Amino acid sequence: MNINILTEAELLLLNTLIDRSGNIIICCHRSPDGDALGSSLGWAQYLIARGKNPQIVIPDAYPDFFQWLPNTEKIVRYDKHRETVGQAFAHADLVFCMDFNRAQRLDDTLGAVLTASPAQKVLIDHHPEPDIDTALCISHPEMSSTSELVFRIIWQSGAFETMTKACAIAIYCGMMTDTGGFTYNSNSPEIYFIISQLLTKHIDKDKIYRNVYHNYSEWRLRLMGYVMYQKLNVFTDLHASYFTLTRQDMARFRFIKGDAEGLVNLPLQIKGAKLSISLREDTERPCKIWLSLRSVDSFYCNAMAERYFNGGGHPNAAGGHLDCTIEEAETIVRKALNDFREELQR
């Protein structure tokens, strides 16, 4: 099966950039998820095998249930080490931008640090409409994940035989989490060929699943029940629903980063459901609401995210934000649902 993703010219340029660079940074988006971490950690392992010593930089904290991933202890957080990270970007030769398409997705200040860095940039991402000045842009929105792209590049580079188990674990975790355990955006047969190859590295895919999805606190489960029973608004005629998560809710259920992961998918279990939206208050900034949207089949929620929530994303998985109160955000969500009534009722 041919899973090559680069042209010969792109592969040559990528190899040249790596070979000529001494100081290499790998960075990913704010609030890193499994794909951001998996692609970054996997790509770092590939570069290490090539004799490089890359530094992984992330804007802020990631969920506790990813702490088990190999080599997470080597990751540097910008919000804790601003000066160190700033110096690293200032002296970098090459920066790999993993799993984000715009500098703003890093962080307000880290995005500016990236843009100001004299280093050449390579983007490896699967989000649409990339807008970063790069020497090489490897952008494929049709792919399941950035981790899948990382595997394809490593494979095409002829480095699969020397791929470490740690690299394979990171890539599999990224692919798994960005497809909801291969339940959406995962119909390509190439995905399962890649999985079959990763399994030859003796990864335990069942344990990886448990480490991510069976690794919550009891308070996350209590929060889940509370949200589904008390906070869920269902619009049967629109095949849609939304719920809110306020600071008060999060304090009540001892919220930690990652506890809201996957909650937005649950209402899609309702028979006939097409769209689910979650609204979560920022834990630190007032009047900042984060939205996640999930949809199924031919209703593309990214269009709604772009039009109403200052966001975007993939057809069936998108996100955005609003600068207002949670009550005002609910009003906007209800207007969006009503304006998309015709599409939702098809």
Side-chain angles (χ1 to χ4, degrees), residues 1-11 13-14 26-29 32-47 96-102 105 121-132 134 136-160 163 167-199 203 205 208 212 265 292-298 300-303 305-306 311-319:
M1 181 175 289
N2 181 11
I3 62 169
N4 292 346
I5 203 73
L6 303 176
T7 66
E8 290 186 9
E10 288 172 334
L11 183 58
L13 176 56
L14 176 63
I26 299 170
C27 61
C28 64
H29 59 72
D33 56 13
D35 190 28
L37 292 169
S39 59
S40 297
L41 290 164
W43 190 244
Q45 285 290 299
Y46 168 67
L47 294 178
F96 285 99
C97 304
M98 313 297 292
D99 200 40
F100 66 96
N101 55 354
R102 301 173 188 272
R105 290 202 65 204
K121 286 92 174 177
V122 174
L123 180 140
I124 305 177
D125 181 44
H126 73 134
H127 295 91
E129 301 178 3
D131 186 22
I132 297 176
T134 59
L136 176 61
C137 180
I138 305 172
S139 174
H140 289 270
E142 74 278 9
M143 294 291 120
S144 71
S145 57
T146 299
S147 294
E148 179 185 343
L149 277 171
V150 166
F151 181 92
R152 287 171 177 258
I153 296 167
I154 293 174
W155 180 274
Q156 188 172 355
S157 299
F160 175 73
M163 178 185 285
C167 180
I169 288 172
I171 289 173
Y172 182 84
C173 182
M175 293 178 63
M176 178 190 75
T177 53
D178 236 34
T179 59
F182 305 102
T183 60
Y184 53 83
N185 198 27
S186 54
N187 281 325
S188 168
E190 287 83 4
I191 291 174
Y192 301 94
F193 171 76
I194 291 171
I195 293 172
S196 72
Q197 297 306 303
L198 290 171
L199 289 170
I203 67 171
K205 72 174 187 63
I208 293 171
V212 173
N265 295 312
S292 292
L293 298 85
R294 297 293 184 271
S295 62
V296 297
D297 298 330
S298 60
Y300 297 151
C301 61
N302 57 345
E306 291 170 5
H314 304 289
N316 297 124

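Just the heavy atoms: all of them, side chains too, but no hydrogens, waters or symmetry mates, feed the values below. For clarity, every value in this text was computed on a predicted model and none was experimentally measured. In this chain, residues are counted from 1 in sequence order.
Among residues two or more places apart in sequence or in another chain, the ring pair (Phe, Tyr, Trp, His ring centres under 6.0 Å) test is passed with Y300 by none. Partners of H126 by ring pair (Phe, Tyr, Trp, His ring centres under 6.0 Å), not counting sequence neighbours, listed by chain and number: H314.
L41 places none of its side-chain heavy atoms less than 4.5 Å from the side chain of I169.
Here the straight-line distance linking atom OG of S39 with atom CG of L149 works out to 9.0 Å at 0.5 Å rounding. Here Y184 contributes atom OH and T179 contributes atom OG1; the two are 6.5 Å apart, rounded to the nearest 0.5 Å. Separation of atoms CZ (F100) and CD1 (I124) is listed at 11.0 Å; rounding is to 0.5 Å. Going from atom CD of Q156 over to atom CD1 of I5 covers 8.0 Å, rounded to the nearest 0.5 Å. Here M176 contributes atom CE and L198 contributes atom CG; the two are 12.0 Å apart, rounded to the nearest 0.5 Å. Taking NE2 of H140 as the start and CD1 of I138 as the end, the distance is 7.0 Å to the nearest 0.5 Å.
Between F193 and M1, the shortest heavy-atom distance links the atoms CB-SD, 3.7 Å. Looking at every heavy atom in both residues, P128 comes nearest to P141 through CA-CG, 3.8 Å. Nearest approach of L14 to I153, heavy atoms of both residues: CD2-CG2, 3.6 Å. Considering every non-hydrogen atom in both S145 and M175, the closest pair reads OG-CG, 3.4 Å. Taking all atoms of both residues into account, the shortest heavy-atom contact from C301 to A317 is SG-N, 3.6 Å. The minimum heavy-atom distance linking Y46 with A159 is given by the pair CE1-CB, 3.6 Å.
Ring centroids of F151 and Y172 are separated by 6.0 Å or more, keeping the two rings apart.
Between the side chain of Q197 and the main chain of I194, no donor-acceptor pair closer than 3.5 Å is present. Under a 3.5 Å cut-off, the side chain of N4 and the backbone N or O of L6 do not form any donor-acceptor pair. Between the side chain of T177 and the backbone N or O of G174, at least one donor-acceptor pair lies under 3.5 Å. No donor-acceptor distance shorter than 3.5 angstrom exists from the side chain of Q45 to the backbone of M163, with no hydrogens or angles considered. In this structure a side-chain-to-backbone donor-acceptor pair under 3.5 Å is present from Y192 to S186. R152 places a side-chain N or O within donor-acceptor distance of the main-chain N or O of I3, the cut-off being under 3.5 Å.
Between W155 and F160, the two ring planes are tilted [angle within 30° to 60°].
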Intermediate values then yes/no, side-chain contact (heavy atoms from CB on, under 4.5 Å), N101 and S139: CA-CA 8 Å; N101 55 354; S139 174; over 6 Å; no
Check the pair T134, C97 against side-chain contact (heavy atoms from CB on, under 4.5 Å), reporting the backbone distance first and the verdict last. CA-CA 9 Å; T134 59; C97 304; 5.6 Å; no
One pair to check against side-chain contact (heavy atoms from CB on, under 4.5 Å): L123 and F96. What are the steps and the verdict? CA-CA 6 Å; L123 180 140; F96 285 99; over 6 Å; no
Show, in sequence, the C-alpha distance, side-chain angles and deciding distance for D33 and L37, and conclude whether the side-chain contact (heavy atoms from CB on, under 4.5 Å) test is met. CA-CA 6 Å; D33 56 13; L37 292 169; over 6 Å; no
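Results of the salt bridge (Lys or Arg N to Asp or Glu O under 4.0 Å) test with D131 over K121, R105, R102 single out R102 as the only residue that passes.
If you check the side chains of D99 and T146, you find a donor sitting under 3.5 Å from an acceptor. No side-chain N or O of N185 forms a donor-acceptor pair with one of S144 less than 3.5 Å apart. Residues S147 and D35 bring a donor and an acceptor atom of their side chains to less than 3.5 Å of each other.
Around atom CD of E129, no more than 12 heavy atoms belonging to other residues, nucleotides or ligands sit under 6.0 Å away.
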